[in-house]
Amino acid sequence: MNFWQRLPKPFFVLAPMDDVTDVVFRQVVEKAAPPDVYFTEFVSVDGLQSPGREATMERLRIEPNLNRPLVAQIWGNDPEKYLKSAQDIAQMGFAGIDINLGCPEKGIVARICCGGLIGHNDRVADIISAVKAGAPNLPLSVKTRLGINEIITEDWAGFLLTQDLAALTIHGRTVREMSKVPAHWDEIAKVVKLRDEAGSDTVIIGNGDVVNRRTWPEALRRNRR
Ligand SMILES: Cc1cc2nc3c(=O)[nH]c(=O)nc-3n(C[C@H](O)[C@H](O)[C@H](O)COP(=O)(O)O)c2cc1C
């Protein structure tokens with residue numbers, strides 16, 4: 001049983017945010033209104049495996065007084081660098097590793113990273129295998145979107161659900177939609193259904209338009225599982 005499965009339901013995650021969810025921010029949140037799980041900002045595996053590594057390592061600092069699981073989120077597209085980064089992270093004391101397959105930033109997508117990897121199933125399978133090989137004792141999760149230009153929930157989430165992930169965060173928008181439209185919680189509910197039909201243990205986390213613990217999107221309330 002990994003920590004994702006032990007969380008009381010419903011649980012609440014502080015979404016990873018670049019330049020926001022750093023070590024200082026997390027300490028403030030821990031005092032003010034702690035979530036059930038924290039993520040780091042996304043951390044480049046290219047950066048981690050480069051001569052300038054020390055600067056990137058700052059993003060993986062762990063505060064000693066955090067009382068909830070902290071998951072390291074990484075991104076890139078080279079399985080070998082994922083493997084080495086997972087080995088590094090496994091030594092640091094994180095509760096898990098998350099692969100970012102959702103960031104919609106144009107330059108990153110053009111380099112076939114993050115959201116740009118959606119639909120590149122073979123490469124993504126290699127990345128997932130590499131992280132599992134590098135950190136076999138850490139639960140592995142993925143955060144992604146519904147598609148790049150079109151919603152392809154059945155194909156994409158269906159594929160990810162074959163990858164034996166501990167958790168899967170679905171940001172209910174496509175890459176093209178950025179954050180400009182309401183999140184499609186009906187599609188997130190579809191992923192839960194696909195998971196149940198596949199008999200998978202993967203914990204599904206819905207993301208998008210969640211304002212706080214109490215004011216959840218209506219569709220989430222209806223589909224809360
Ligand atoms: C400033 C900012 C930085 C973000 N950085 C990341 C990141 O590093 N990794 C990630 O997976 N998502 C990142 N996101 C996306 C959020 O985690 C989340 O998926 C998105 O904001 C959708 O939720 P919302 O509708 O509540 O805004 C970022 C979002 C914002 C606003």
Side-chain angles (χ1 to χ4, degrees), residues 3-4 7-22 25-26 28-30 32-43 68-75 96 98-106 108-109 113-119 141-161 165-196 200 202-225:
F3 85 84
W4 288 109
L7 292 172
K9 290 195 183 139
F11 63 82
F12 190 80
V13 174
L14 178 64
M17 284 178 283
D18 183 36
D19 267 349
V20 179
T21 53
D22 62 9
F25 184 84
R26 292 194 303 260
V28 173
V29 171
E30 177 73 16
D36 298 302
V37 182
Y38 289 96
F39 283 83
T40 63
E41 310 165 77
F42 74 162
V43 182
R68 274 91 184 165
L70 171 61
V71 177
Q73 192 190 61
I74 50 179
W75 69 278
D98 189 75
I99 301 172
N100 182 316
L101 298 179
C103 175
E105 203 270 315
K106 276 206 172 81
I108 287 180
V109 172
C113 294
C114 298
L117 276 165
I118 292 174
S141 53
V142 160
K143 179 164 180 272
T144 191
R145 291 184 177 236
L146 300 172
I148 296 186
N149 295 313
E150 307 297 333
I151 293 176
I152 53 164
T153 307
E154 280 86 356
D155 284 353
W156 177 233
F159 159 70
L160 289 171
L161 286 168
L165 297 168
L168 174 60
T169 303
I170 302 291
H171 177 180
R173 301 180 174 102
T174 63
V175 168
R176 182 155 71 175
E177 287 172 335
M178 307 285 285
S179 282
K180 293 178 183 158
V181 303
H184 306 285
W185 276 90
D186 50 335
E187 295 295 323
I188 296 171
K190 262 190 211 168
V191 179
V192 173
K193 195 161 169 270
L194 286 171
R195 188 270 318 265
D196 291 347
S200 151
T202 302
V203 173
I204 308 296
I205 301 150
N207 173 237
D209 298 334
V210 178
V211 179
N212 58 43
R213 273 187 198 262
R214 256 168 280 172
T215 322
W216 291 0
E218 185 51 37
L220 170 57
R221 227 187 310 279
R222 280 200 307 273
N223 297 297
R224 180 149 44 129
R225 294 173 70 190

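- Listed by chain and residue number, nothing satisfies the ring pair (Phe, Tyr, Trp, His ring centres under 6.0 Å) test with F39 (two or more places apart in sequence, or in another chain).
- Summarising the geometry of F25 relative to T21, their closest heavy-atom pair is CD2-CA, 3.8 Å, with the distance given to 0.1 Å.
- Proximity of W185 to I188: side-chain heavy atoms (C-beta onward) are separated by under 4.5 Å at one or more points.
- Scored by the side-chain contact (heavy atoms from CB on, under 4.5 Å) test, T169 finds K143, I205, N207 as partners (sequence neighbours excluded).
- Taking CG from L168 and CG from L194, the interatomic distance works out to 10.5 Å, rounded to the nearest 0.5 Å.
- Residues that satisfy the side-chain contact (heavy atoms from CB on, under 4.5 Å) test with P104, not counting sequence neighbours, are R145, V175, M178.
- A salt bridge links K190 to E187: at least one charged side-chain nitrogen sits closer than 4.0 Å to a carboxylate oxygen.
- In terms of modelled atom types and a separation under 3.5 Å, the side chain of T174 and the main chain of G147 share no donor-acceptor contact.
- By the side chain to side chain donor-acceptor pair (under 3.5 Å) test, E30 pairs with Y38, N67, R68, sequence neighbours left out.
- Between the S141 side chain and the A166 main chain, no donor and acceptor come within less than 3.5 Å of each other.
- Counting all heavy atoms, side chain and backbone alike, T40 lies closest to R26 at CA-NH1, 3.7 Å.
- Distance SG/C103 to CZ/F42: 4.5 Å, rounded to 0.5 Å.
- With sequence neighbours excluded, the residues satisfying side chain to side chain donor-acceptor pair (under 3.5 Å) with R173 are H171, D209.
- Side-chain contact between V71 and V13 is absent, with no heavy atoms from C-beta onward closer than 4.5 Å.
- Residues E41 and V20 come closest through the heavy atom pair OE1-N, 4.1 Å.
- For D18, the side chain to side chain donor-acceptor pair (under 3.5 Å) criterion is met by R59, not counting sequence neighbours.
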Requested in this report: Quick one: do W156 and I170 satisfy side chain to side chain contact (heavy atoms under 4.5 Å, CB included)? Show the steps, please.
Outcome: CA-CA 11 Å; W156 177 233; I170 302 291; over 6 Å; no
